[in-house]
Q: 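The structure's right below; bear with me while I get my questions together.
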2 protein chains.
Amino acid sequence: MNFQQLRSVRETVRQGFNLTLVADALHTSQPGVSRQIKELEEELGAELFVRAGRRFLGLTPTGEQALPLIERLLQDAENLRRVAADYAAADRGLLTVAATHTQARYALPGAVRDFRDSHPGVSLHLQQGSPRQIAELVISGAADLGIATEALAEYPELVTLPCYRWSHVVVVPRGHALADGQALTLERLAQFPLVTYEPGYTGRRHIDEAFAKAGLEVDVVLAAMDADVIKTYVELGIGVGIIASVAFDEQRDDHLVALDARHLFALNTTRVALKRGSFQRSYVHAFIQTFAPTLTPALIERALAAPAGTLIEP
Amino acid sequence: MNFQQLRSVRETVRQGFNLTLVADALHTSQPGVSRQIKELEEELGAELFVRAGRRFLGLTPTGEQALPLIERLLQDAENLRRVAADYAAADRGLLTVAATHTQARYALPGAVRDFRDSHPGVSLHLQQGSPRQIAELVISGAADLGIATEALAEYPELVTLPCYRWSHVVVVPRGHALADGQALTLERLAQFPLVTYEPGYTGRRHIDEAFAKAGLEVDVVLAAMDADVIKTYVELGIGVGIIASVAFDEQRDDHLVALDARHLFALNTTRVALKRGSFQRSYVHAFIQTFAPTLTPALIERALAAPAGTLIEP
DNA sequence: TATCCTTACGGAATTCGTAAGCATG
DNA sequence: CATGCTTACGAATTCCGTAAGGATA
């Protein structure tokens, strides 16, 4: 039994049981992968994969039970490397953060600046994507941590912890009818065409839920993945914008007016996600605590070690 | 990184940092072990062992943190083999039970007979030893499970579960002064020379505690590791015996009289011990449930997966 | 017939044990 | 000077990629 065999098995599942893709992903030859799997199965004395002739179709019951062990073996091998790397040079390395546009653009800059000052030896990579892409990046190990408001908590492979809560604001051009000082209600809002986030992004779910609960039909004339795009179209008069409050900047956005909307839409919680069972290097802890001071290393380590389903929060 | 390197590290710790002993234990050459460790340290970029010149003295902080990961890696490799073996031939294999003499002689025979009938393909090895030896056998992997009344719960590497409770009896030759029908008390007992178990065996702790609590000095003229020896000397008139109630057989021991002593000494709990984090083959679960029907596979698996310190009992 | 896995083969790299060397209590 | 780890070296094994083969949708 060796790690290359285990990697081949894990990657075969990840790549949907296509050994050719596995070989590409592992930067090796396809017959090599074929051999790795065959030799592991021979050593174990049991087949891990269901085959139809020469095609791989899925996992056998043995494979189903073996896969979590294989995942943990490879995770622990990675953890071991991290432990050593952390002792060898605690303040040098690579930190890959996966975040949504909103986080990367509005929430992270402060933490990134502070972290770069305190950890000049760590090179920081910022990956952007949808919440689900972020989750996959963290699960696959391509990113050390993910930050998003949606979806992350749905993945049992991830440990998520709350960073901060925020609400939406409504943005309109100066002089817009909604900016008349009267109370903002869902009913009034629903009378205008709206410009807001794509479904699955940045609290869009809470927006839809609020209107649905009030029995209101709304006209979303334009949906975008980030607040910059939304604000641009609001400035053009296309409709009324609904964006995260952090995404509004009094000075930069002085053509617009922001109207508090926390009484209209449920509060959102932005969460950080780490791969369950992973060991995190000290600078990863440092970064998270810079971003969300309540998330101490001890708390995070406890959450990482807990089995799926356990609730550990500050 | 490969498993042989990890095995070398684990064994080096187990063998007290003597590579020559490690080589023997792993059935390889001493320079081989030396190389495995060196290459792993080179790959990790950190030293795991503290050296004084050419001698190994102990673990570095890196090594201290790495060791639990290495242990779990090797355990999971073993677990993977067991999963596969169980699917390949669930009813064939080797079951090694480590137990004290008392358990092996008086408690286990029924379970062993039933298990042999139901699992003819499993060859059963019975290892005997002191509770601490039993614990070490299970921790090292030389035994699948351990059964004893003492000490097992002290090892964080083990998961222990209660099998049954029992009390002591006092045994005397027929016609002995204590067999006069009057109530048995610690005070009366303390007037006679005693023959009982060695310290650390079969509830001896509760015997000592009872006398100590009553402020009584006792004269243990002979201590033995098993009830057969004790009974033999009681028959010879050397003293009054205190043994586990299961160890008294009305018919076989008809030269002796057993006097109930459950009001004198605290109840004892015999426990089964498994290595924490291990996967157990189905016949191991079958054996345990034959011995202690309350210990279901689901319960045991939950206990095995729990971190040290968690209490999971029926 | 294109896709996908297995088998065959040969060179390269790795592995491992023996023998010799060296430091230390 | 005996113990215990490292280094050196050569043989054996293992590993891996290329090329060819066979099954299936």
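Order of the sequence lines fixes the chain letters, A, B, ..., with proteins taken first and strands second; residue numbering starts at 1 for each chain. All values derive from a computational prediction rather than experimental measurement.
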Q: Would you indicate, yes or no, if C:dC5 has its OP1 or OP2 atom less than 4.0 angstrom from a side-chain nitrogen or oxygen of A:Thr20?
A: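 Yes, within the criterion.
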Q: For D:dC5, take OP1 and OP2 only and decide whether either is under 4.0 Å from a side-chain N or O of B:Lys38.
A: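 No, no such contact exists.
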Q: So, A:Arg132 and A:Glu154, do they make that salt bridge, N to O below 4.0 Å?
A: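 A salt bridge is present here (some side-chain N lies under 4.0 Å from a carboxylate O).
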Q: What does nucleotides 12-25 of chain C look like as a protein-contact string, B for base, S for sugar-phosphate only, - for none, at under 4.0 angstrom between heavy atoms?
A: ----BBBB-BB-B-
Q: To the nearest Å, how far apart are A:Glu11 CD and C:dC5 C1'?
A: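 Taking atom C1' of C:dC5 as the reference, CD of A:Glu11 is at 18 Å.
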Q: Does the pair B:Arg82/B:Glu78 count as a salt bridge with the N-to-O cut at 4.0 Å?
A: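 Here B:Arg82 pairs with B:Glu78 in a salt bridge, since their nearest N and O are under 4.0 Å apart.
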Q: For B:Phe17, report the nucleic acid contact type (base, sugar-phosphate, nothing); a contact means any heavy atom under 4.0 Å.
A: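 Answer is sugar-phosphate: B:Phe17 comes under 4.0 Å of backbone atoms only.
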Q: Separation of A:Glu41 atom CD from C:dC5 atom P, in whole Å?
A: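 Rounding to the nearest Å, CD of A:Glu41 and P of C:dC5 are 13 Å apart.
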Q: Just how far, in rounded Å, is C1' of C:dC5 from CG of A:Asn18?
A: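 One finds 10 Å between C1' of C:dC5 and CG of A:Asn18, rounded.
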Q: For A:Ile37 and C:dC4, what is the distance between atoms CD1 and P respectively, to the nearest whole Å?
A: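 The answer, rounded to whole Å, is 15 Å.
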Q: Before accepting this row, confirm whether a basic side-chain N of the pair A:Glu198/A:Arg204 lies closer than 4.0 Å to the acidic partner's carboxylate O.
A: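 Looking at A:Arg204 together with A:Glu198, the answer is no, because their closest N to O distance does not fall below 4.0 Å.
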Q: Between D:dT14 atom P and A:Met1 atom CE, what is the distance in whole Å?
A: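 Atom CE in A:Met1 sits about 17 Å away from atom P in D:dT14.
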Q: Specify whether B:Phe3 and A:Phe3 have parallel, tilted or perpendicular ring planes, treating 30° as the upper limit for parallel and 60° as the lower limit for perpendicular.
A: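 Taking A:Phe3 first and then B:Phe3, their aromatic rings lie parallel (interplane angle under 30°).
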Q: Indicate yes or no: does B:Lys38 engage B:Glu43 in a salt bridge with an N to O separation below 4.0 Å.
A: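 Answer for the salt bridge query: no.
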Q: Quick one: A:Leu26 CG to D:dG17 C1', roughly how many Å, whole number?
A: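 In whole Å, D:dG17 C1' and A:Leu26 CG are 15 Å from each other.
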Q: A:Leu57 has an atom CG; how far is it from atom P of D:dT24, in whole Å?
A: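 Between P of D:dT24 and CG of A:Leu57: 12 Å.
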Q: Can you tell me which residue pairs pass the side chain to side chain donor-acceptor pair (under 3.5 Å) test with a partner in residues 52-72 of chain B, sequence neighbours excluded?
A: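 Sorted pair list: A:Asp76-B:Arg72, A:Tyr87-B:Gln65.
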Q: Look at B:Lys275 together with B:Glu157 and state whether they make a salt bridge at an N to O cut-off of under 4.0 Å.
A: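 Looking at B:Lys275 and B:Glu157, the cut-off is not met.
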Q: To the nearest angstrom, how far is B:Asp24 atom CG from D:dC5 atom P?
A: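 Those two atoms, CG and P, are 11 Å apart.
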